[in-house]
Amino acid sequence: MQKTYDYLIVGSGLFGAVFAHKARQKGKKCLVIDRRKHLGGNIYCEKIADINVHKYGAHIFHTSNRQVWEFVNKFVEFNRYTNSPVANYKGKLYNLPFNMNTFYALWGVCTPAEAQAKIEQQRKEAGIINPQNLEEQAISLVGKDIFEILIKNYTEKQWGRKCKDLPAFIIKRLPVRFTFNNNYFNDLYQGIPIGGYNILIDKLLENIETKTNADFFANRNYFENIAKEIVFTGKIDEFFDYQFGKLEYRTVHFETETLDCENFQGNAVVNYTDSATPFTRIIEHKHFEFGVQPKTVISREYSSEYTEASEPFYPVNDERNNLLYAKYQQLAQNEKNIIFGGRLAEYKYYDMDKIIEQALKIC
């Protein structure tokens with residue numbers, strides 16, 4: 001069978017879109033397919049009440065890689081949004097990441113020395129020398145108060161497991177600042193595309209053939225024979241028919257609501273860190289673009305175990321799953337004319353800039 005395309009790209013998220021764009025620049029003919037009814041993967045935005053709603057959760061672009069920053073800004077202008085989430089614990093608000101504003105709200109301390117002394121006192125009282133799980137790791141880093149109020153319940157809701165049952169490496173490093181700086185990220189560049197992420201994806205895929213509602217696995221024999229090479233960004237275990245077993249994921253679902261008010265919570269992201277609240281956070285989408293629309297749209301975010309009827313969001317990178325992935329990775333390395341890339345194909349959590357870096361590197 002004659003090959004119609006140089007590349008079939010399975011998945012139209014950032015990895016697939018960037019790869020397709022660079023391949024086209026080199027004169028390659030590409031077809032990008034996606035099983036969803038839209039392009040863009042998880043950064044897709046849906047317009048509701050004239051607000052760009054992040055359909056699959058908050059996506060804040062941040063990077064210290066100037067090449068990547070300049071690359072994305074060629075396609076769309078980014079605004080000056082700075083991620084400064086707030087934690088709500090039983091009605092009391094705390095700034096994130098942990099900083100002097102947080103420590104003042106917790107303990108009434110006013111100086112870095114006082115805050116450091118408080119944390120050090122709690123660390124010594126805990127007496128944890130060799131942390132064996134996430135709970136012990138967190139307490140050994142920031143003390144009991146921060147763990148109990150801002151980490152424990154949020155983490156257990158997010159992962160569906162007790163902190164004592166989660167591996168320590170998940171939380172090896174915690175952002176702790178002894179300044180009054182509420183910027184969550186340390187990167188040099190940060191922002192949201194003006195007009196939403198769809199503009200970025202549409203520009204990347206300009207003049208490239210695309211098909212939505214196209215499931216690679218529903219017509220695998222056809223798709224595997226129309227291109228010289230395949231770029232696969234889906235689940236790596238599914239590609240290999242789960243022959244070693246299924247990798248585990250966490251999924252997220254959203255309750256999105258349009259409210260007849262201008263401003264619901266005053267911030268784009270508010271985490272709920274108590275156990276009684278079933279959702280992990282509320283996103284108010286208009287604040288990503290400093291919106292002044294008469295209405296607002298919020299999304300309550302719930303974390304749960306992945307099922308085949310849901311979307312795989314976060315790989316569960318514990319020892320069992322990492323060993324299982326290594327088996328699939330070995331199979332992938334033995335494949336000819338197939339490139340595996342992105343969060344699902346590499347079973348790895350990626351920030352957006354790192355996905356772009358990887359796609360550019362492979363191209």
Side-chain angles (χ1 to χ4, degrees), residues 10-16 34-46 48 53-60 85 134 151-163 165-167 169-171 197 212-213 215-218 232-242 244-257 269-273 275 277-283 285 297-322 324-325 328 340-352 354-355:
V10 182
S12 65
L14 267 178
F15 187 94
D34 203 295
R35 64 180 178 79
R36 291 173 176 170
K37 62 181 180 180
H38 60 74
L39 301 171
N42 282 7
I43 66 171
Y44 172 75
C45 293
E46 182 179 17
I48 302 175
V53 172
H54 295 207
K55 186 173 177 64
Y56 301 96
H59 284 81
I60 298 102
L134 186 150
I151 298 174
K152 182 179 186 294
N153 299 307
Y154 186 88
T155 301
E156 291 181 352
K157 287 190 289 187
Q158 191 174 39
W159 291 100
R161 295 158 175 79
K162 295 293 185 183
C163 287
D165 298 328
L166 288 167
F169 71 80
I170 291 179
I171 202 165
Y197 282 99
T212 54
N213 294 309
D215 188 341
F216 173 80
F217 295 105
F232 183 77
T233 71
K235 294 192 299 174
I236 191 170
D237 54 346
E238 185 177 16
F239 185 89
F240 291 109
D241 298 318
Y242 306 110
F244 298 126
K246 292 185 178 182
L247 293 165
E248 291 180 290
Y249 299 88
R250 292 292 290 175
T251 190
V252 179
H253 73 274
F254 304 90
E255 289 181 353
T256 298
E257 185 178 359
V269 181
V270 177
N271 293 356
Y272 284 77
T273 61
S275 60
T277 303
F279 46 84
T280 55
R281 60 183 179 174
I282 294 179
I283 302 163
H285 301 269
V297 179
I298 64 170
S299 295
R300 296 177 181 87
E301 186 172 313
Y302 298 81
S303 179
S304 61
E305 294 292 330
Y306 166 74
T307 67
E308 294 300 324
S310 60
E311 296 287 348
F313 274 73
Y314 304 110
V316 182
N317 290 119
D318 58 16
E319 185 176 4
R320 174 201 168 272
N321 283 290
N322 288 340
L324 185 58
Y325 166 66
Y328 286 118
F340 294 85
R343 175 175 50 92
L344 301 180
E346 298 181 63
Y347 200 65
K348 177 181 180 181
Y349 179 81
Y350 268 117
D351 286 327
M352 288 181 283
K354 300 303 181 186
I355 286 183

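Excluded from the calculations below are hydrogen atoms, water molecules and symmetry mates; all remaining heavy atoms, backbone and side chain alike, are included.
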Residues Y347, L324; criterion side-chain contact (heavy atoms from CB on, under 4.5 Å); working and verdict: CA-CA 10 Å; Y347 200 65; L324 185 58; over 6 Å; no
Contact check, side chains of [X] and [Y], non-hydrogen atoms, under 4.5 Å:
X    : Y    : answer
K55  : Y197 : no
L39  : T212 : yes
K162 : L134 : no
E156 : C163 : yes

Residue pair W159, D165: steps toward the side-chain contact (heavy atoms from CB on, under 4.5 Å) verdict: CA-CA 10 Å; W159 291 100; D165 298 328; over 6 Å; no
Look only at the side chain of [X] and the backbone of [Y], and say whether a donor-acceptor pair between them is shorter than 3.5 Å.
X    : Y    : value
K157 : K152 : no
Q158 : Y154 : no
H285 : V297 : no
H54  : H59  : yes

Contact summary for [X] and [Y], nearest pair of heavy atoms:
X    : Y    : result
I236 : Y328 : CD1-O, 3.9 Å
N153 : T273 : CB-O, 3.1 Å
F217 : D215 : N-OD1, 2.9 Å
L247 : N321 : CD2-O, 3.5 Å
D34  : S12  : OD2-OG, 2.7 Å
I283 : A58  : CD1-N, 3.5 Å

Y56: side-chain hydrogen bond (donor to acceptor under 3.5 Å, both in side chains) partners, not counting sequence neighbours: H38
Ring center gap for F15 and F232 short of 6.0 angstrom: no
Using salt bridge (Lys or Arg N to Asp or Glu O under 4.0 Å) as the criterion, list what pairs up with [X], not counting sequence neighbours.
X    : value
R161 : E248, E305
E311 : R35, R36
E301 : R281

Ring pair (Phe, Tyr, Trp, His ring centres under 6.0 Å) evaluation trace for F340 with F240: CA-CA 12 Å; F340 294 85; F240 291 109; 5.8 Å; yes
Quick one: pull up [atom1] in [X] and [atom2] in [Y] and give me the separation to the nearest 0.5 Å.
X    : Y    : atom1 : atom2 : value
N317 : I170 : CG    : CD1   : 8.0 Å
Y350 : L14  : OH    : CG    : 12.5 Å
L166 : I171 : CG    : CD1   : 9.5 Å
E46  : Y44  : CD    : OH    : 5.5 Å
R343 : T233 : CZ    : OG1   : 9.0 Å
R250 : S310 : CZ    : OG    : 10.0 Å

Non-neighbouring partners of Y302 that pass side chain to side chain contact (heavy atoms under 4.5 Å, CB included), sequence neighbours left out: H253, E255, P278, F279, R300
K235: partners by side chain to side chain contact (heavy atoms under 4.5 Å, CB included), with sequence neighbours left out: D237, E238, Y242, Y249, Y306, E308, P312, L344
Residues T280 and S303: side-chain donor-acceptor under 3.5 angstrom: no
Geometric class of the F239/F216 ring pair [parallel <30°, tilted 30-60°, perpendicular >60°]: parallel
